[in-house]
Amino acid sequence: MDQGNNSRVTEFVLHSLSGSRELQLFYFVFFTIFYLSIVLGNLLIVLTVLSAPALHTPMYFLLSNLSFTDVCLSTFATPKMIVDFLLEHKTISFEGCMAQIFFLHVFAAGEMMLLVAMAYDRYVAICRPLHYAAIMSVRKCTGLVLGCWLIGVLHSLSQLAFTVNLPFCGPNKVDSFFCDLPLVIKLACTDTYVLEILMLSDSGLIAMSSFVLLLISYTVILVTVRSRASAGMAKARATLTAHVTVVTLFFGPCIFIYAWPFSNFPVDKVLSIFYTVFTPLLNPLIYTLRNKEVISAMKELWRRQVSS
């Protein structure tokens with residue numbers, strides 16, 4: 001306990017996914033393989049987009065940024081969770097806990113904004129194809145990505161400002177494998193009702209506004225695709241299916257968890273793992289397995305590496 005700070009708690013105790021030692025060893029191997037797959041798969045997409053001139057387009061520029069964000073989103077807590085499977089006492093310092101909260105909201109909000117940017121890119125490509133090159137310029141795409149990160153940082157700072165100065169005097173057990181904001185706020189030694197409302201308003205605003213924008217964009221695109229019949233529209237339909245799948249996988253768990261943020265359900269841990277571990281791995285699979293251009297560029301990259 002630290003008496004010279006607003007908080008007397010110097011560390012938090014994290015809960016494991018299982019109390020069984022055998023299961024924890026299995027989870028250690030399982031999630032290590034998963035995490036390495038996430039990092040390698042997403043970095044492969046980034047490298048492929050950077051190395052293939054044919055992929056130097058707005059859509060793939062945004063996709064490579066999404067892959068980079070997925071690596072970051074899986075890294076803020078997954079390595080710590082993997083190491084904790086080998087430890088009997090799973091603790092995290094107060095500063096480390098605040099850092100997890102900060103990076104979770106930066107990367108999650110940034111990913112939401114990137115998905116909106118990708119939906120906007122598809123809207124312009126499908127609904128206004130003649131003006132696509134003029135609208136989705138390099139400057140516009142760069143501005144969109146920088147705007148996504150700026151919104152993520154500002155959102156995260158606003159969330160952290162609610163939490164960092166709260167008086168934590170015990171208990172200090174967080175019922176999750178990482179410091180999730182609703183669970184941490186519950187541990188404060190003060191009435192946090194107003195802060196809970198502020199947190200919900202902040203997170204709810206960015207999540208719901210993103211989700212509504214995505215729904216509107218994809219509805220307009222679907223109407224446009226259905227009204228046209230051509231080979232180009234068939235390709236657009238396949239791309240759109242991948243986008244909608246990713247959006248559903250990402251927003252589904254988030255909406256469920258934050259619909260009841262201060263009520264703890266056993267399924268919450270599973271859903272937290274889903275959007276911090278599984279979704280970052282599924283994204284590259286969804287976008288690459290259905291995309292012949294990316295697969296072709298990866299094969300060419302592999303041939304160049306082998307021949308060299």
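- K80 meets the salt bridge (Lys or Arg N to Asp or Glu O under 4.0 Å) test with D84; sequence neighbours excluded.
- Hydrophobic clustering (ILVMFWY, side-chain heavy atoms < 4.5 Å, transitive): V83 and F30 are in distinct clusters.
- For the pair S156 (side chain) and V153 (backbone), a donor-acceptor distance under 3.5 Å is absent.
- Side-chain atoms of H15 never come within 3.5 Å of backbone atoms of F177 as a donor-acceptor pair (strictly under, hydrogens ignored).
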Audit row: T142, R139, side chain to side chain contact (heavy atoms under 4.5 Å, CB included) steps and yes/no: CA-CA 5 Å; T142 304; R139 183 177 180 180; 5.9 Å; no
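- Between P58 and D121 the shortest heavy-atom distance is CB-OD1, 3.6 Å.
- T48 approaches A297 most closely through the heavy-atom pair CG2-CB, 3.5 Å.
- Contact record, L115 with Y218: O-OH, 4.4 Å, taken as the closest heavy-atom pair.
- When side chains are defined from C-beta on, F76 does not count as touching V106, because their heavy atoms never get closer than 4.5 Å.
- F102 is not listed as a side-chain neighbour of M98, based on a closest heavy-atom distance of 4.5 Å or more.
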Test side chain to side chain contact (heavy atoms under 4.5 Å, CB included) applied to V138 and F61, step by step: CA-CA 9 Å; V138 174; F61 174 72; over 6 Å; no
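- In this structure, CD1 on I45 lies 12.0 Å from CG on N65, to the nearest 0.5 angstrom.
- For the residue pair V46 and S67, the shortest heavy atom distance occurs at CG2-CB, 3.9 Å.
- Under a 3.5 Å cut-off, the side chain of Q100 and the backbone N or O of F178 do not form any donor-acceptor pair.
- The two residues A117 and L62 come nearest to each other via the heavy atoms O-CD1, 3.8 Å.
- Rounded to the nearest 0.5 angstrom, F211 CZ and I206 CD1 are separated by 15.0 Å.
- Contact check for W149 versus T69: side-chain heavy atoms found under the 4.5 Å cut-off.
- When the side chains of ILVMFWY residues are joined at heavy-atom separations under 4.5 Å, either directly or via intervening members, L25 and Y27 end up in a single hydrophobic cluster.
- For L63 against M118, the heavy-atom pair with the smallest separation is CA-CE, 4.2 Å.
- The distance between the ring centers of F85 and F26 does not fall below 6.0 angstrom.
- A distance of 11.0 Å separates CG of L160 from NE2 of H155, quoted to the nearest 0.5 Å.
- In this structure, L104 CG and D180 CG are separated by 6.5 Å, a value rounded to the nearest 0.5 Å.
- The main-chain N or O of K140 is found under 3.5 Å from a side-chain atom of S137 such that the two form a donor-acceptor pair.
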Worked verdict on Y123 versus I221 for side chain to side chain contact (heavy atoms under 4.5 Å, CB included): CA-CA 6 Å; Y123 163 77; I221 294 171; 4.0 Å; yes
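- No chain of hydrophobic side-chain contacts below 4.5 Å, direct or via other Ile, Leu, Val, Met, Phe, Trp or Tyr residues, connects L87 to F28.
- Put simply, the side chain of L14 does not reach to within 4.5 Å of the side chain of D175, judged on heavy atoms.
- Heavy-atom contacts from other residues, nucleotides or ligands closer than 6.0 Å to CZ of R21 number more than 12.
- Residue-environment remark: CZ (F68) stays at or below the threshold of 12 foreign heavy atoms within 6.0 Å.
- Linking ILVMFWY residues whenever their side-chain heavy atoms come closer than 4.5 Å, directly or via other members, places V277 and I33 in the same cluster.
- H105 places no side-chain N or O within donor-acceptor distance of the main-chain N or O of G152, the cut-off being under 3.5 Å.
- Using a 4.5 Å heavy-atom threshold, the side chains of L40 and L44 count as separate.
- When side chains are defined from C-beta on, T163 counts as touching F168, because their heavy atoms get closer than 4.5 Å.
- Hydrophobic clustering keeps L215 apart from L205 (ILVMFWY residues linked when any side-chain heavy atoms are closer than 4.5 Å, directly or through intermediates).
- Here the CE-CG distance, from M298 to L47, works out to 9.0 Å after rounding to the nearest 0.5 Å.
- One finds the CG atom of L150 at 11.5 Å from the CE atom of M113 (value rounded to the nearest 0.5 Å).
- In the displayed structure, Y132 atom OH is contacted under 6.0 Å by more than 12 heavy atoms of other residues, nucleotides or ligands.
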Side chain to side chain contact (heavy atoms under 4.5 Å, CB included) between E293 and L55, worked out: CA-CA 8 Å; E293 290 177 315; L55 301 183; 4.1 Å; yes
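- Side-chain contact between Y120 and I135 is present, with heavy atoms from C-beta onward closer than 4.5 Å.
- Counting only heavy atoms from C-beta outward, the side chains of F103 and T75 never approach each other to under 4.5 Å.
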